[in-house]
Amino acid sequence: MALVLLPMIAQAQQFDGEFIKPRNGKFLLQNATVVTVTKGNIQNGSVLIVNGKIEAVGTNIPAGDAEVIDCTGQFIYPGLFDGGGRLGLVEVNSVPETQDFSEIGNVTPNMQALVAVNPNSEAIPVTRVSGVTTTLANPSGGIFPGTAALINLNGYTPDQMYAGFKGIILNFPTSARRSTWDRRSEEEVKKDAERAQKNLNDIWERAVKYQSMKAAKAELDYYPEMEQLAKAVTGELPLLVEVNAASDIEVAIKWIQDKGVKAILTGVAEGWRVADKIAASGLPVITGPMLSIPTRQSDRYDAAYTNPGKMAKAGVKVVIRSNDAENTRNLPFNAGFAAAYGMGKEEALKAVTINAAEVFGIADRRGSIEAGKDATLFVSSGDPFETRTQIIHVFIDGYRVPMSNRHIKLYQEFLERSPGLEK
Amino acid sequence: MNINTKIKLLGSFIVAVFFIAYSSVQAQSDPSGTKRVTSTYAIKNATITTSPGKTITGATILFKDGLIQAVGTNINLPAGTDVIDGDSLFIYPGFIDGASSAGVTRPSEPERPANFDSSNPSDELAGITPWRNVIDQVDMNNNAISDWRKAGFTVAHMIPDGGMISGKSAIVVFGSSSSTNILGQNTALSTRFRGSRGMYPGTPLGVMAKFRDVYKNTELSAKHQNIFASNVGLNRPEINKTYEAMYPVINKNIPVIFEVSNDLEIRRALRLQKELGFNLMLLGVTEVDKVISEIKAANATVLLALTLPEDKSKNKSEKLNEEAQGRTDRVKEAYETALKQAGMLEEAGIKFGFTTSGAKTGDLMKNIKIMIDNGLSEDAALAALTINNAQNLGIQKFAGTLEKGKLANMVITTAPLFTEDAQIKHVVADGYVFDYETKPKKAANGNKNGNGAAGVSGTWEYVSDTPAGSSGGMMTIDNSATGYEGTITYDDPAGNGKAQATMKNITVKDGKMSFTFDVSAGGMEISVSVNGDLTDDQFTGRMSLAEFGSFPLTATKKPNQSNL
Amino acid sequence: MKKLNYIIAAFLVMVWMPSMGQTPKGSVLIKNATVITITQGTLEDTDILVENGIIKKIGKGLTANNVTTIDAKGKYVMPGIIDAHSHVALDAVNEATAPITSEVQMADVVDPYDIGLYRALAGGVTISHAMHGSANAIGGQNITLKHRYGTFNPEDLFMKEAPRTIKFALGENPTRVHGRGKNIQPRTRMGVEAVIRNGFNEALQYKKAWETYESALKQKGATPIPPKNDARLQTLVDILDGKVIIHCHSYRADEIYALINTCRDFGITNIVFSHVNEGFKVAPELAEYTMGASVFADWWAYKFEVYYSTAYNAAILTENGVITSINSDSGELIRHLYHEAGKTQRYGQLSDEQALALITINPAKQLGIADKVGSIEEGKQGDLVIFNDHPLSVYAIPQMTFVDGVKYFDLNEDQNDMRIRVSANEMVEPIFLKEHDHNCMHGVDFFFTNFGRNLFEHSH
């Protein structure tokens, strides 16, 4: 049986490793459409990368001793942020030995995601060739599961990967039912929610007490959980408040305001139901995935697709997340669905770039293509939200990363297997 | 004798025998002084509804030795008749319960053998016990039976509890405790879409397939026996008690009674019936509106549930936004549709009967009145309580109406049956008269429930239906000085048989019981909380696994060994 | 008014009542669209006339009397999307209690009320293959459904023309459930292979026993005794006789290859491998000996046996001549299979035609219904989707979906709440924050068996 493979072989070769490890240096990306995000698009534009930073952005930038990469007909985008998931904290989902996202205990804010990030996870090179360069690693389980950390997808130690943001996760108590099998009576649901709310308040009260005694220079027993929560009390670290049901969102907003903490709402699956209230609170939102089913059977089929657009329209600052691990590469497609279903392409792009940088407090260094910012960006054949688009180069902190990973290597090996059917 | 005739004989009612034996009551002394003086009664000058739509005023009914002698306006009462003044009383035929679980205990599961193969369990383990007889499971002295009698029921079709094929039903009369009260045995094969715990068949998928398997192989087994009986030199048939007990079903001598919980289960039962051709009774029918024409086409007997949903849209005082209002309206509409089911069946010309299965005595008249307010005629309501079920059960020759020669089963009320003021003053069952107090406001009638201590302590067997099939184990509860203590066993998450946990926070109050226990699974510690209603030796509630969901759980207390 | 949706439902029922067993057939004329036929190229500015559920004519300037006409200028029409692996609209998925359960039938547990059906229609999916789960080496018989949402009768959803299919499963799931969970075979991939071979051999004996009986019956005066009935073995006989298509849950190349060999030994050619994450490693064999592979676009690493997989799987298989489809196995993914197909352009640069064939004609072939659906051709069934943009664009939004010429989804006309049945008992609706319905291991791991973990992760 003859295989008609000629065009594919040609394509496969584009992945062949010119280099197998990330490479630092001076690069000039030339003749591209530069999508700066914050300052419009530059046609026939160039970006000069020096020492990990964007040295210059514009037209007719002289190459000097920089390595010139021709990007004619191509586009340059800032590296995309995923607002939360487990990338780096798990290797194989069903194998407990590779799960490092959920610690035993209900109140474990002192668990540091950054410690458990595996820089050599196979999923990291699989992800970054999509243009997703920066992700938030979220611990999970319990009411305070741990402290999340923002990482760049290049580096050999967690510290090399650390992208400058941490936040303490709070799984806000819910009054929602979780499935068709949850048949608690309304009273039970209410009672359980009240109990959980009281539990949260008790913990928080202890944290406030701990912090105030500490501030008064009291000698306190070792209490690492409160030590960490105290940072949220003072505002040194924000709370990432995971909350999804509409009524819970309202309660959470009030709670955040009462306690006067710095917070970011995450999840927010039903944000569209209370978009005005979120907007009025001024709290930013990390939401996603869009590619998920509506929270209620009675909801419109596209409720999850339209959620970020509705919140953005109401004036909420929205960041998009995949909430995934190995398929964090689907983040741009989530943004694409958000764009198609009401958010618009421009706003959706912001939601995975500059909005994220702002919410994480690193907009001075990240989120757009501007001189002086980190050289974390990528070159693509077109709109990165479109599946047909190819991502051609990815730079993280000025390192040009190899456009290869296990998925691509398997493609190269097996597209035309040898021996084939017969040996 | 041909094998088929034998089967027919086995399957037929033994009613005739019962009548002959009954008429000669032996005279004897009664040192307790509680024996009635006569078995001849008359109720005089009452309004008698002999059957739905047929009412005689100023009439008298005379019955003797459990049999109606005369009904009418001009009746001679023989000497020795105990006459009850029926002025301002209303007499109706005694109610017939199309299917009842009152006083029925689920038999405990047999031990699993050491080398148990969950893919091929014995029929008994798999819940296939067609040879069982409900009479062996029912306690005729159980309070539940006297409670239903008090509510007007005089005859009931008792359904055995158990697995997918639990056994044969029986028809009993709620008469004197001195009689067996059995009107008929082996009257229907009781089935349900209930899988077995951790073995084949575990889900409705397996139950459907297994039912077909049992049915078809019963047919082949009968064929084999026939051939064997009339030929020589053949392999002997393997006598199998499952198939033997199924013969009356395949010969259409008795129907299959399928317990159904919604319209999709009704359709499943109809699907099996269409394929296999048995006679079908549907037990506990709800949501019938979507499947009426199919039921009619299949000529299936409908036993409508007496349960109704609560009106969840009521008492919503807070104002709702448009979206929430829309959803509430749909729930409201579903509620209203549920109330109309009985009326719809009547309109479709289906002679359905009621079943008390799953219902509470207190809800009986309340719910029927709601059904009447939603389209059911009073005559059809009475028929569903009486003559329709007599016909459904094949006992219309001697029950279901008030006529000469029928069983003296009747309900006597202080006002027309379905009116607000109607209270039951007497129930006559099998010729025995039971008197009840009729006060304008009845005092709290139950001190039998929830008195705790003695009631709860002991060993309970529980079952919980979950998405993974049913699961269960044992609970042992002790009443110590410091309160209740207990342990519970459950299916080990790691798949290694049973695990045990301490029951915590056991609370027994006002007929309710609740407790919690912890399960560790996959590195997680999960708190399980259980609460529900307690009546004597039955517990019906729900088991909640934090946010994982909550599942129905029922438990039955094992008889206390030391008291036997 | 929120009532419209059930008025529609009521209307459908009214139409169906007089002719029980007859599902509704519609007529529609779609004009001026870009028609992606799949099998006969893409036709610009073209009309499609559907009459009584069948595509009557494709061409320009078509007219028809008394037929709803839709102007689709600037829009794209493609065939209804077909999902070759789904668990939508099922009340139960796994009879996980025995290694072989070929007697069970998904047709027994179809739930026509599942909102998942409507959500699939809103993603352009008109046909799904409602499958047994993957707990058993040989699972139950599947049912091919046409998404005629609105009926109360499960049988109205059945695609009666579709041939019978059955679920098989290899690898981690059957070995975990039976071997490790219950201490019976299979515990290894050796055991899975043996269980399947044993099944087929027993089926041959069973077939012979009945043949002997039937032929003895024809002898004059003979009194043969009938063998026992065994629907489990009878179904395997039907597979051996070529009457049933196997759809086998599989991941690793070795287990796929082993089952190919088993099938070859028993002369079975009607086999489709599903998921088949390492199918790319045995692509030449799949091309030569099977009805192909039905894959995920990009899922991997959710369990160990999919750790060494690649998102380029569909592309490699396609280029090797394997009939390839992309399936959902998920109530979520089924809503955007067109997008999943689009991923083969990111991972392998398949052409538009190749990519769209993955969700139309190819799954139709794998379900044995390619002569009726899967492309826009005259004489085929009127299952169509209208998109506002090219369906492989991430910005494409399905506008209308037709099954048998009847419109079941309309972006602009449908209500928000499209449930057919509402429980009178519910007030606070359940909130699903994570999808955990409609997948292969549904119901198996849920309760007390690894439930914490498997509840919230992919468990296919």
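Order of the sequence lines fixes the chain letters, A, B, ..., with proteins taken first and strands second; residue numbering starts at 1 for each chain.
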With only heavy atoms counted, which part of [X] is less than 4.5 Å from chain A, the side chain, the backbone, both or neither?
{"X": "C:Ser309", "value": "backbone"}
{"X": "C:Leu411", "value": "both"}
{"X": "C:Tyr113", "value": "neither"}
{"X": "C:Val282", "value": "both"}

Minimum heavy-atom distance between [X] and [Y], given as atom pair plus value:
{"X": "C:Ala301", "Y": "A:Glu91", "answer": "CB-O, 3.7 Å"}
{"X": "C:Val394", "Y": "A:Ala340", "answer": "O-CB, 4.0 Å"}
{"X": "A:Phe414", "Y": "C:Asn320", "answer": "O-ND2, 4.1 Å"}
{"X": "C:Arg335", "Y": "A:Leu291", "answer": "NH2-C, 4.1 Å"}
{"X": "C:Ile316", "Y": "A:Tyr411", "answer": "CG1-CD1, 3.4 Å"}

Just verifying a value: how many Å separate [X] [atom1] and [Y] [atom2], rounded to the nearest 0.5 Å?
{"X": "C:Trp299", "Y": "A:Asp324", "atom1": "CH2", "atom2": "CG", "answer": "9.5 Å"}
{"X": "C:Tyr312", "Y": "A:Leu415", "atom1": "OH", "atom2": "CG", "answer": "11.0 Å"}
{"X": "C:Lys281", "Y": "A:Glu413", "atom1": "NZ", "atom2": "CD", "answer": "8.0 Å"}
{"X": "A:Asn405", "Y": "C:Thr310", "atom1": "CG", "atom2": "OG1", "answer": "7.5 Å"}
{"X": "C:Arg421", "Y": "A:Gln297", "atom1": "CZ", "atom2": "CD", "answer": "10.5 Å"}

Could you check whether any side-chain N or O of [X] sits under 3.5 Å from a backbone N or O of [Y], counting only pairs where one atom can act as donor and the other as acceptor?
{"X": "C:Arg346", "Y": "A:Glu386", "result": "yes"}
{"X": "A:Asp299", "Y": "C:Asn416", "result": "no"}
{"X": "A:Gln390", "Y": "C:Gln345", "result": "yes"}

- Task: Before giving the answer on side chain to side chain contact (heavy atoms under 4.5 Å, CB included), spell out for C:Trp300 and A:His407 the whole-Å C-alpha distance, their side-chain angles and the decisive distance to 0.1 Å.
- Result: CA-CA 10 Å; C:Trp300 71 293; A:His407 288 229; 3.3 Å; yes
- Message: Shorter than 4.5 Å, heavy atoms on both sides: which option in A:Arg329, A:Glu122, A:Arg388 has the most such pairs with chain C?
- Response: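 So the answer, after comparing A:Arg329, A:Glu122, A:Arg388, is A:Arg329.
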- What option among A:Val90, A:Asp302, A:Val126 has the most heavy-atom pairs under 4.5 Å with chain C? A:Val126
- Item | Polar side chain donor-acceptor pair, C:Asp414 to A:Tyr301, under 3.5 angstrom |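 No, because no side-chain N or O of C:Asp414 sits under 3.5 Å from a partner of the opposite role on A:Tyr301.
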Side chains of [X] and [Y]: closer than 4.5 Å at any heavy-atom pair?
{"X": "A:Phe333", "Y": "C:Lys343", "value": "yes"}
{"X": "C:Lys303", "Y": "A:Val95", "value": "no"}
{"X": "C:Tyr302", "Y": "A:Asn327", "value": "no"}

At a heavy-atom separation under 4.5 Å, does [X] approach chain C through its side chain, its backbone, both, or neither?
{"X": "A:Ala123", "result": "both"}
{"X": "A:Lys345", "result": "side chain"}
{"X": "A:Pro419", "result": "neither"}

When [options] are compared by non-hydrogen pairs under 4.5 Å with chain A, the top option:
{"options": "C:Gly123, C:Ala396, C:Ser393", "answer": "C:Ser393"}
{"options": "C:Tyr308, C:Tyr347, C:Tyr395, C:Phe280", "answer": "C:Tyr395"}
{"options": "C:Ala355, C:Ala283, C:Gly342", "answer": "C:Gly342"}

- Task: Kindly check if the number of other-residue, nucleotide or ligand heavy atoms within 6.0 Å of CD (A:Glu194) is above 12?
- Result: yes
- Task: Show your reasoning for whether side chain to side chain contact (heavy atoms under 4.5 Å, CB included) applies to C:Glu288 and A:Glu422.
- Result: CA-CA 11 Å; C:Glu288 184 71 15; A:Glu422 307 291 344; over 6 Å; no
- Task: Give the intermediate values and the outcome of ring pair (Phe, Tyr, Trp, His ring centres under 6.0 Å) for residues C:His339 and A:Phe337.
- Result: CA-CA 10 Å; C:His339 168 59; A:Phe337 267 73; 5.1 Å; yes
